[in-house]
Structure formats: C-alpha cells, structure tokens
Amino acid sequence: MAAHTSRAFLSLGRINVPGLGLHKSVSRVTYSTGLSTDSSKATTGSPQKGGKKVLSKKYKREPGDPRTELMPVDQDWTAVYPVATPFIPDAIPLPVRMGCPVKGGAPPEKKGNLELIKIPNFLHLTPAAIKKHCEALKPFCTEWPSALDTDAKCDEHFPIKVETKSYVSAGPSIRNPAARIVHLSVKLSSLNLNDQARKKMLKLVGDRYCKDTDILTITADRCPLKQQNYDYAMYLLTVLYHESWKIEAWEAEKTVADMEEYSWEGSLSQENILDVLVRMKEAGEGEGEEVREQLLGRREVQEYKDSVTRLKNEGENESTMLQYKEAVKKVLKL
Amino acid sequence: VSSRRLWLRMIHVCSRSRLCSLSVSFQACQSEKHFGQYYTLPSAHVRTVFPHGLPMRYKQQVKTFNEACMMVRPPALEVISSLKKTDNSKPAVRYLFYGLKGSGKTMTLCHTIHFCYTQGWLVLHVPDAHLWVKNCKELLPSSFNSSRYDQPLQATEWLRNFRITNEPFLSKIKTKQRYVWTKRESTEEGSTLGELVDQGITRVKTSSDVVGAVMKELRLQSGQPESDFRLAVAVDGVNALWGRSTIRKMNNTAVDPEELTLVYNLRKLMKNDWTGGAIITTLAQTGAVYTSKYSYLPKELLGEKGFDSMDPFIPVSVPNYSEKEFESCYLYYMDRHWLQYPHSRTEDGKKELIFLSNRNPSMLERICGFH
C-alpha cells in the first residue's frame with residue numbers, strides 16, 4: 001500500500017495502475033494514455049495492442065458504495081455470514097481497527113487490513129445463528145425427562161457422571177487423539193462405605209479426591225479408544241469400592257502416624273492431663289481405673305479434649321489457640 | 001553512630017523533662033491501670049537479674065538512655081497475676097509467650113523474670129536455648145553417659161551468669177546427693193549449691209554435668225516443705241529443645257538435641273512433674289534453625305514432639321502495640337529526645353511512624369533511630 005502511494009506521488013504523469021481502487025474520485029491523479037513513457041509499459045505489464053496508437057479510453061467501472069452502506073439495520077445477519085468466511089471489510093458494518101497504531105494516531109482501519117483477514121472470526125456464530133442451529137437440531141433431540149428438574153434429583157438417580165470431549169476440525173484426518181480421554185466423577189457420599197472403608201478408599205485414591213466437594217474423579221486415558229477408557233474407568237471404580245471394603249491382616253498394624261485425624265483417646269495429651277490432675281489430687285483418694293474414669297467424665301476435661309482435638313485437626317489460628325488457653329486454665333483451675 | 005547519640009544527649013540533657021505519668025516506680029506498678037506506662041528497673045537489678053537475658057538492642061538502649069524502662073503490657077501482667085496466685089503444692093504451670101517477630105516476647109519474659117526476682121524467687125534463666133544447639137566450638141563426649149555430648153563453653157558461661165543472678169541462694173541451698181566428678185573430685189552431700197556451681201566454673205570439663213546436677217537439685221528441692229524458695233524457670237526460644245541442631249558429630253552426622261547433655265537436662269526441667277514454682281517460656285523464630293521465617297504459632301515452631309511434651313500449657317499471645325501503647329512509646333521516645341527531627345513531632349510524622357512500623361515494637365524502635 002505504501003509503495004503504491006509513493007509511486008503515485010513520484011509519477012505525476014504516469015499511469016496509475018488500474019484496478020486497485022486507491023482513491024475514490026481524487027482528481028489530481030490523472031490518467032495517461034498508452035502514449036506515455038516506456039517505463040510505464042514495463043510496470044503495467046498488461047499486453048497493449050502493439051504499436052497501435054488507438055486513443056481508447058479504457059473503460060473502468062466506478063467502484064460503488066460498499067455493501068455496508070446499503071445494509072438495513074434490521075437485516076438478517078445469518079444471511080450475510082451463513083458459514084465461516086474470512087473477514088470482508090465491505091460486508092461488515094463495523095468500524096473495526098486492528099494492528100499497530102501509527103505514532104500519535106489510531107490503528108489502521110479495516111479496509112485492506114491483513115491482520116483482520118488472518119485471524120479467525122465468529123461472525124457466523126451470532127446468537128441468532130445459534131438459535132437457528134438449535135431449531136434445526138430440535139427434531140433430532142429427545143426431551144429432557146421432566147422428573148429430573150433439580151440437580152439434587154440428578155445426583156440421586158445418576159451419581160456417576162462421565163465427561164468426554166469430541167473434536168471436529170478441518171484437516172487431513174478426522175481423528176483426534178485427545179478425544180479418548182474420559183473423566184468419571186462420583187460423590188463418595190453416594191457410595192455405600194463405612195468409616196474404615198472410606199478411610200481406606202481415601203488412602204487408595206490419594207489426590208483424585210477433592211475434600212471440599214466430596215467428589216472422586218477418575219481420569220482414564222491409557223487406552224487408544226474412548227470406549228476402552230470408559231470401560232477401564234468403570235472397572236477402576238468397581239475395584240476401588242470392593243478393595244476398600246476388604247480388611248487385610250496387616251491393617252491392624254496401623255500406627256498413630258498413619259491416622260488421618262487426631263483422636264484424643266489414648267494420646268499423650270490424655271496421659272499428661274490425667275497425670276497432672278492426679279498429682280493435683282483433684283480426684284481425691286482412689287486408685288487406677290475409677291480415678292481415671294471419674295476424671296475423664298468431668299466437664300473441664302471434656303472441654304480440654306475438644307480444644308486439643310480441634311487444635312490438632314483444624315490447625316492453629318487465633319480462635320483455636322484461645323479456646324485451648326481457656327480450656328487449660330479451667331482444667332488447671334487458674 | 002553511638003558518639004553522635006552521646007553528643008545529642010549532652011545537648012539535650014539540660015532541657016530534658018521527665019513526665020511523671022510516663023514512668024512509675026516499681027512498687028506501685030503491676031496492675032491494669034498501668035497498661036502502657038513505663039516503669040524503671042533499678043540499675044542494680046539490671047546488673048544482677050539480667051547479666052545475659054536482655055535483647056541486644058534493648059541493652060544498647062539502656063546504655064544510651066542511662067536507664068532501663070520497660071512498658072507494662074497485658075500479656076506480662078496476665079502471667080504475673082497467675083504467678084501471684086500459684087499454689088506451692090500444685091505442679092508447675094507452663095506459660096508460653098508466642099507472637100510475631102519483634103512483638104516483644106523476650107521483653108515480656110524479662111518483665112516476668114524481674115517480677116519473680118523482686119518476689120524473692122530463684123530464677124533459672126536460659127536466655128536463648130538456640131545458642132545451645134548451634135555454633136558449638138567444642139563438643140565433648142559426656143563422661144556420665146557415653147551416648148551424650150557435653151558443651152563445656154556454653155555450660156560454663158551459663159553457670160557464671162546463674163551465679164551472678166542467684167547469689168543469695170547459693171549458700172542457703174544444700175545438695176541432697178553426692179556427686180563424683182573424677183576419681184579425686186567429688187561434691188559431698190550437704191554441700192552448698194555455691195560450691196557445686198564453683199566446681200563447674202573452675203573445672204570446665206565437668207561443667208555440663210554440673211548444670212545437670214544443679215537443675216536436678218533445684219527440681220527435687222523446690223516445693224518441698226523444708227525449702228523456702230520458689231523456682232522460676234525461664235527459657236527463651238524453647239522451641240530449640242525439640243527442633244534440630246546444626247552441630248555435627250565427628251562422622252558428619254547431625255546431632256539430635258536429645259543427645260546434648262544441656263538440652264536433655266533442660267527438657268527434664270520443662271516437664272511439670274515438680275512443684276513449687278512456674279515455668280515461663282517464649283517461642284523464638286529469630287535464632288531458630290531449619291524453621292520458616294514467617295512461622296510464629298506454637299504448634300508449628302514446637303513441632304509434634306514439643307507440643308506433646310509441653311501440653312498442657314497456657315499460650316499467651318504477645319501482639320503488636322495497641323494504639324495506647326504506641327502513644328506511650330512515642331511519648332517516651334520524645335521525652336528521651338530519641339526522635340530528633342521536627343517532622344516526627346507532627347501528626348503526619350506520627351502517622352508515618354505507624355505506617356512504617358505497623359506498630360511492631362522492634363520495627364518502631366529501629367525506625368525511630370532514624371527519625
């Protein structure tokens with residue numbers, strides 16, 4: 001574009017290369033006939049009737065108004081862009097600018113802008129077009145079951161959710177290897193697990209479980225086909241469920257370090273507090289078990305137990321620390 | 001820098017005005033009415049009670065201002081009021097000061113120690129337990145127990161400072177057991193604590209075991225009906241006892257703190273199986289090894305083992321200055337002409353100080369040095 005304009009300035013009398021529509025009705029650029037200098041012949045390259053000195057004014061059609069001027073505001077846009085088409089500046093009535101702005105100026109306008117043509121546009125997918133697509137697809141769809149109107153009901157009747165993606169693209173092959181991935185998600189509360197089974201399931205599953213939403217997600221992508229991956233994911237779920245219900249002999253060796261949650265009974269904290277209370281002679285005279293039972297039954301000791309459990313399970317922050325402090329003060333009678 | 005401070009002090013000494021509301025004499029202190037006010041420690045007390053306990057910057061401040069003034073703050077008063085009510089027959093209660101870096105935990109501990117001293121308690125003050133688990137120049141295998149290690153230099157230094165603090169008790173307390181140091185040296189039953197301490201200071205090789213013996217004697221004797229003293233154990237940086245150490249053995253493996261005699265004996269003191277006193281401790285991240293810079297809560301610094309050993313304890317939070325405390329500190333620095341620039345006397349200057357320091361005591365002290 002820049003090259004052409006410079007040439008136009010340099011050659012006052014030369015032929016303006018026709019057909020590019022540089023300027024509309026700019027009178028200073030004049031046409032010259034075939035009788036002009038030799039260089040012009042070289043630049044045009046168009047075959048002239050050799051040697052004939054015919055003063056034929058080459059008819060050039062005036063470029064008319066672009067289509068945007070003639071479009072009504074309430075037209076049917078889906079007819080203008082029914083399919084994915086590159087950007088046509090004269091067919092899109094939007095004053096779009098794109099590209100690197102000239103210094104102190106604006107980005108280049110849409111007319112002849114290669115940047116706008118290069119990028120993909122979604123002008124064929126306006127809401128009106130989508131609506132038409134939906135209307136066209138409706139005869140092939142079945143109705144959503146009216147009984148499943150809430151999310152809770154869907155979860156109740158269909159606890160396992162399978163997520164897959166399929167890909168459509170224009171290319172030499174219609175296959176896409178990413179289409180084989182299958183995500184299977186299920187809420188653990190919908191599975192029938194007791195306490196021990198749930199803990200074992202969580203240990204088996206590891207990172208695939210989200211504590212906040214209680215959802216176990218199994219992702220299968222090791223087989224080449226989607227159906228194979230789906231079968232594998234269902235198989236994994238079945239195996240996990242059955243394995244977590246089995247109790248092995250070595251599970252009896254579970255140590256304190258393996259425990260998921262802190263339990264106060266039998267912990268060092270319990271020993272310490274009972275020891276202290278016995279030495280403070282709070283329980284009066286007595287021996288062994290009855291003294292312990294009596295001490296454990298006291299309200300302050302229960303409060304202390306709650307505060308320590310909360311501190312260890314929830315982590316420390318100001319509120320848990322304060323609760324612990326109050327509980328210790330009460331137990332030690334300060 | 002210190003000469004500049006001296007010069008400025010000389011210029012202002014004539015115009016220095018003491019505001020009575022700021023400093024309260026010690027006898028009248030220690031109640032809620034005095035929150036935020038400063039009380040002066042007598043210099044004799046500073047020399048005896050704190051040969052090794054005060055923070056470094058505070059010691060410089062004491063030298064500069066020629067007086068030791070401490071602010072009365074709620075955490076210290078809480079522990080002091082509990083200490084006043086301690087029952088001699090009950091097991092020792094453990095208090096733990098925790099808080100952000102520079103919020104005043106060591107100063108609160110020193111305040112409490114000073115209170116115990118004025119009440120006539122025997123103060124066993126370990127100024128920084130971290131010093132015992134790092135930078136050990138001499139590590140000897142213990143003669144008493146071959147699996148443990150002695151640290152003679154640290155032990156001797158501690159014994160010296162212990163002697164300075166507790167002079168009056170050294171001649172009163174008698175040992176209940178005979179201690180044999182070498183074939184020719186032994187401390188007989190019934191000898192005074194002073195002799196035991198001197199033995200440790202003069203014979204450097206046995207000093208760690210002497211420390212252990214001292215701790216054992218005090219632990220056994222406090223709270224007994226015939227002994228008339230109460231024991232206050234104060235440890236700064238108690239999380240060092242259950243952490244990791246940077247000391248290496250000869251074969252380059254790390255030494256577990258439990259294998260150090262000093263730490264082993266101090267841990268025994270930390271248990272609440274003795275009566276007639278109190279255990280006041282502080283968490284410290286500042287000198288700690290292998291801990292994150294931002295951790296300050298008890299469980300993260302003590303670890304599982306430390307928490308279980310200290311349990312049940314009373315955690316006392318030491319927060320940054322409140323508005324009233326900040327005002328008081330600001331007025332104190334103004335009174336001592338520590339804030340030099342006229343800009344710091346304006347409202348804007350004060351707001352700037354609040355913004356820069358976030359009312360953190362140590363940050364405020366450092367920033368005021370530049371204003």
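It should be emphasised that the depicted structure is a prediction, and the values quoted were computed from it without experimental measurement. First the proteins, then the strands, lettered A, B, ... as listed; each starts at 1.
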Fill in: Contacts of residues 310-322 of chain A with chain B (heavy atom under 4.5 Å)
A/Leu311, A/Lys312, A/Glu316, A/Glu318, A/Met321
Worksheet entry | B/Asp87 versus chain A, the contacting section by heavy-atom distance below 4.5 Å | neither
Worksheet item: Taking side chain as C-beta onward, heavy atoms only, is B/Phe313 less than 4.5 Å from A/Asn272?
Response: no
Worksheet item: Should the heavy atoms of other residues, nucleotides or ligands under 6.0 Å from CZ of B/Phe35 be counted, would the total exceed 12?
Response: yes
Practice prompt. Select, from B/Asn272, B/Val316, B/Ile314, the one with the greatest count of heavy-atom pairs under 4.5 Å involving chain A.
Written response: B/Asn272
Worksheet item: Can you tell me if CD on B/Glu323 sees more than 12 non-hydrogen neighbours from other groups inside 6.0 Å?
Response: no
Worksheet item: Should the heavy atoms of other residues, nucleotides or ligands under 6.0 Å from NZ of A/Lys161 be counted, would the total exceed 12?
Response: yes
Discussion item. Around atom CG of A/Asn194, are there more than 12 heavy atoms from other residues, nucleotides or ligands closer than 6.0 Å?
Written reply: yes
Worksheet entry | Interchain contact, B/Phe307 with chain A, by part (heavy-atom threshold 4.5 Å) | side chain
Practice prompt. Might you confirm whether atom CD of A/Gln302 has over 12 heavy atoms from other residues, nucleotides or ligands at distances under 6.0 Å?
Written response: yes
Worksheet entry | More than 12 heavy atoms from other groups under 6.0 Å of CD on A/Glu271 | yes
Discussion item. Suppose the criterion is salt bridge (charged side-chain N to carboxylate O under 4.0 Å, His left out): which pairs have a residue in residues 253-270 of chain B, not counting sequence neighbours?
Written reply: B/Lys249-B/Glu259, B/Glu258-B/Arg267
Item to complete: Return yes when atom OH of A/Tyr167 has more than 12 non-hydrogen atoms of other residues, nucleotides or ligands closer than 6.0 Å, and no otherwise.
Response: yes
Practice prompt. Considering only heavy atoms and a distance below 4.5 Å, find which of B/Pro298, B/Ser317, B/Ser309 pairs most often with chain A.
Written response: B/Pro298
Response to the item:
Note: B/Pro312 and A/Tyr304 closest approach over all heavy atoms is CB-OH, 3.6 Å
Item to complete: Report yes if some heavy atom in the side chain of A/Arg279 is under 4.5 Å from a heavy atom in the side chain of B/Thr275; otherwise report no.
Response: no
Item to complete: Quick one: closest heavy-atom pair of A/Val276 and B/Pro91, and the distance?
Response: O-CG, 4.3 Å
Fill in: Portion of B/Lys299 that has a non-hydrogen atom of chain A nearer than 4.5 angstrom
both
Discussion item. Tell me whether the count of non-hydrogen atoms from other residues, nucleotides or ligands lying under 6.0 Å of NZ in B/Lys271 goes above 12.
Written reply: no
